[in-house]
Amino acid sequence: MLLKLSLAGMKGKLKDYFVLLSGLVMTISVFYMFQTLSWNTEFIKSNAMIRNIQLVFIVGSVLLSVVTIMYMLYTNTFLLSLRQKEFGMYMMLGAKKKSIKKIMFVETMVIGAASLVIGITVGIGLAFIVGYLLAGQLNITLEGYQSFYLPAVLATFVFFIVVFLFTALINHIKLSRVQVLQLIYSDVHPDEMPIQKKKNSWLILLGLITLCLGYVSLIFMEQLREIGLFAAPTFTTLGTYLLFIGYLPVIVRRIQANKRWTTKGVTSFTFAQLNFRIQGLTKILATVAMLIALGAGAISAGLAFKNSASQMAEMMNVYDVVIKNPNAEEKAILKSVHFTEENQYRFKEDADYTYYLRDDLDNQRPLLLLSDGKKPKFKRVTEALPKGKISLREVKNPEVGQQLSDEWARALWNLQTNYREIKQTIVLDAETYHKIQGQEMLMYIGKSDKFMDYLHEWQEIDMLVLEKEPNLTADDLTSKYSFYNMYSSFTSGTMFMGLFLGIAFLAMMASCLMFKIVSGASKDTSRYQMLRKIGVRRSQLSTSVYKELFIIFLFPAIIGLTHVLIGMNMFSFIILNPYYRIWVPIIIFLIIYSLYYVITVKLYKQIVLPKE
Amino acid sequence: MKSPVVEVCNVQKVYGKKGGNQFKALNDVSFSMQEGEFVGIMGPSGSGKTTLLNVISTLDQVTSGEIKIDNVDITDMGQDELSDFRSQKLGFIFQDFNLLENMTIAENIALPLYLQGTPAKNVDAKVMTVAKRLGIEELLQKYPAEISGGQKQRSAAARALVHEPTVILGDEPTGALDSKNATSLLETMKDLNDRQNVSIMMVTHDAYSASYCQRIIFIQDGKLHKEIHRSSTRELFYKEILDVLAQLGTKNA
Ligand SMILES: Nc1ncnc2c1ncn2[C@@H]1O[C@H](COP(=O)(O)OP(=O)(O)OP(=O)(O)O)[C@@H](O)[C@H]1O
Ligand SMILES: [Mg+2]
């Protein structure tokens with residue numbers, strides 16, 4: 001009987017259950033997505049450039065589990081809040097607590113099982129779609145990546161069954177403690193009272209210390225090695241939660257106390273509302289901050305690996321193309337590229353030597369790469385070339401040879417196009433050069449303004465070279481493009497993982513925040529209605545919602561991005577410059593986040609400010 | 001000379017869409033209320049009292065007819081104008097308190113002032129004055145969840161008064177209070193009416209509450225049924241009200 005009643009009760013709140021279920025499904029599917037990579041050790045080992053990648057995934061799993069458990073605890077409170085008034089009524093009418101508890105347990109487990117099945121299905125779908133899209137976008141083939149991966153399914157299953165049992169237990173305890181009256185009046189006190197003047201200083205202090213420890217381990221990751229890999233996420237996460245719990249209410253209260261800002265029109269309500277609910281939001285916002293850090297961090301890392309390929313290429317060669325005797329086809333391609341520098345050197349060759357004309361070299365002194373290990377720097381060759389008449393016999397004598405200056409030796413070495421035909425180079429004065437038998441040829445070198453803008457052109461040129469010289473294979477080429485290509489094939493796997501996980505984390509973040517705000521909205525409705533009644537314009541209320549949610553969105557974004565900015569240090573031992581173009585992923589993130597903010601505001605407004 | 005603050009002319013209110021299930025909740029209602037009057041509205045459940053109060057308070061729109069408050073026709077105003085009108089001219093006391101539980105009592109009371117853009121330095125003094133008048137100055141820093149029902153209702157009354165509205169409208173303001181608290185609120189309202197000449201219109205079920213009014217309008221089935229004025233003591237008026245209610249009751253039966 002009671003079961004029937006409670007089923008009827010559930011029907012009345014289908015919308016809320018939908019919110020609850022979609023929140024759970026999202027969590028589970030993201031968790032699953034993460035597991036598909038995490039358990040696929042073969043794939044990650046063969047595709048990652050990070051030696052300790054396995055450890056990264058273990059740490060990631062732990063972090064994700066913490067976040068998931070926080071999220072689940074929250075959804076569970078929501079589930080309980082949906083039902084408690086009804087349960088209170090049953091109990092008042094004489095239902096036994098025992099049977100109420102039983103219903104709650106069954107309900108938690110049924111919802112858990114349903115969301116688990118749907119969640120894993122959605123997870124498989126998402127893993128497939130994201131994997132497929134990314135592979136297409138990045139132009140890579142993913143060998144060994146499986147969107148349906150049995151160990152991942154099992155891991156997800158076990159983890160969530162345990163979590164659901166755990167939450168069911170919590171509900172059980174909560175229901176045991178609670179009084180009937182508390183249940184009945186549960187929606188009269190929808191939020192906790194704002195803390196008056198409780199001292200949070202020790203929380204804040206502890207939070208600051210742990211966060212600092214976390215940051216220090218992130219910055220000195222290279223020295224700390226495995227210790228750092230564990231210390232950084234542990235301390236950073238702990239610090240984040242402590243700071244949000246301790247400090248956020250204090251900040252909001254400070255703002256509210258500033259009468260100049262908060263007494264204009266409806267802002268007094270906005271900040272009162274914020275101050276009132278911030279207490280219940282701290283944990284979820286800390287979770288969101290962590291997810292932002294993980295998501296934006298993973299994407300930044302992925303892109304940093306991608307960028308590192310071009311940077312590595314820049315560190316290898318000064319000139320984007322080096323072509324021996326460009327033919328018509330090659331010349332046509334070269335014409336379409338905007339070069340900042342183009343040089344051509346006449347030379348002749350025989351079986352053992354390459355003879356360069358001194359005047360050409362002297363007139364078009366090439367650039368050399370000066371590397372400080374971080375950024376490519378260029379220097380034009382300034383040293384002198386061998387002077388006067390050069391005796392062929394002397395320079396061909398292995399005992400004497402030609403003594404080229406250091407810079408010139410390197411510059412001439414750079415004029416090679418492949419590893420196969422490495423010949424000794426000799427610089428000759430015009431007279432001696434012209435006496436050499438054999439056809440005169442041209443070595444063309446060019447440097448464009450942007451290597452990355454012409455990838456397609458470089459690729460075509462490399463292909464033409466291979467056509468011209470059939471005895472060469474792609475591996476023999478020394479072109480900047482071939483190097484770039486090789487390096488990016490190493491990095492693409494890592495980049496794929498970064499982007500894949502980044503997308504998963506951000507999706508989870510979105511779901512978390514959306515869930516919190518939408519699930520709390522129906523409780524706020526009466527307040528907004530009240531304000532409408534006493535004469536607050538709709539537009540003012542709308543502004544109030546924008547403001548309130550803006551502040552709620554702001555804090556985790558700031559903290560999350562700070563984590564990313566500091567955390568990118570972690571990759572400095574493997575990527576040349578992890579901060580190279582870091583603003584790109586950050587701006588992408590900010591755009592997505594703002595869009596998401598606007599959507600949340602719209603959703604929230606739809607609930608609290610229904611159309612008139 | 002007294003002028004009408006509220007004029008209701010031939011007001012009709014039809015619920016439901018055309019062609020659908022229509023229900024005439026107000027049928028050709030006309031009356032007016034003078035400045036400084038304390039008017040009660042009574043009638044059986046479902047007779048249209050709340051509907052009447054809602055259209056007067058601009059929360060709902062009439063189907064036809066005209067309502068003027070302070071000589072301003074409110075039936076053809078836009079939503080924003082109506083909001084401003086409410087925040088400036090009207091004060092509300094609802095049955096279920098309707099305080100914002102996320103703000104302290106002081107903040108709740110100050111809200112109408114903030115909405116009107118009263119400078120912050122004047123707000124505190126005004127809040128204090130009205131709180132003293134209603135005897136809740138001790139409660140100002142508390143949250144609604146921390147005070148009793150009667151105290152909440154007095155706080156709601158303070159909020160309705162603080163911006164010195166033209167009319168105070170109440171839908172069963174004493175409905176959720178025990179007799180002691182109800183009496184205290186009614187005394188306060190009467191006092192405001194007597195001394196400060198505040199115009200009050202109140203819907204009530206309860207003859208005792210109604211006996212504090214100067215005039216009572218009875219409605220039945222959406223129509224004006226009868227109007228009685230208080231001419232002598234409250235006790236006699238109370239009896240008179242009971243008589244009318246009895247009449248209404250027998251008619252219904
Ligand atoms: N939104 C609505 N849609 C349709 N009918 C409505 C609506 N609101 C009220 N009614 C109907 O209009 C009539 C008058 O309702 P109203 O709420 O004004 O009654 P009331 O006199 O305030 O009753 P009570 O004393 O019980 O509060 C009732 O028959 C009610 O069913
Ligand atoms: Mg009513």
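Naming convention: chains lettered A, B, ... in sequence-line order (proteins, then strands); numbering from 1 in each chain. Keep in mind that what you see is a predicted model, and the values were worked out from it rather than measured. Scope of the values below: all heavy atoms of this structure, side chains included, with no hydrogens, waters or symmetry mates.
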Q) Is the count of non-hydrogen atoms from other residues, nucleotides or ligands lying under 6.0 Å from A/Y247 atom OH greater than 12? A) no
(Q) Would you say that more than 12 heavy atoms from the other residues, nucleotides or ligands in this model lie under 6.0 Å from the NZ of B/K142, or not? (A) no
Q: For B/D76, look at atom CG and say whether over 12 heavy atoms of other residues, nucleotides or ligands are found less than 6.0 Å away.
A: yes
Q | Nearest atoms (heavy-atom pairs only) where B/F92 meets A/K533 | A | CE1-O, 3.1 Å
Q. Is any side-chain heavy atom of A/R277 closer than 4.5 Å to a side-chain heavy atom of B/N102?
A. no
(Q) Other residues, nucleotides and ligands only: do more than 12 of their heavy atoms fall within 6.0 Å of CD on B/E7? (A) yes
Q) So how far is it from B/H163 NE2 to A/I534 CD1, rounded to the nearest 0.5 Å? A) 8.0 Å
Q: Can you see which heavy atom on A/G535 is nearest to which on B/S87, and at what distance?
A: O-CB, 3.3 Å
Q. Testing A/Q540, A/R538, A/R532 for side chain to side chain contact (heavy atoms under 4.5 Å, CB included) with B/S83, which one passes?
A. A/R532
**Q.** Student check: side-chain heavy atoms of A/L531 and B/L111 closer than 4.5 Å
**A.** yes
Q) How long is the gap from CD on B/E107 to OG on A/S268, to the nearest 0.5 Å? A) 7.0 Å
Q: Decide if atom CG of B/N21 counts as having more than 12 heavy atoms of other residues, nucleotides or ligands within a radius under 6.0 Å.
A: no
Q. Looking only at atom types and distance, does a side-chain atom of A/R537 sit under 3.5 Å from a main-chain N or O of B/D84, one as donor and one as acceptor?
A. no
Q. Just wondering, are more than 12 heavy atoms of other shown residues or ligands nearer than 6.0 Å to OH in B/Y15?
A. yes
Q.
For B/K132, is the NZ atom crowded, meaning more than 12 foreign heavy atoms sit under 6.0 Å from it?
A. no
Q: Please state whether the side chain, the backbone, both or neither of B/L59 comes within less than 4.5 Å of a heavy atom of chain A.
A: side chain
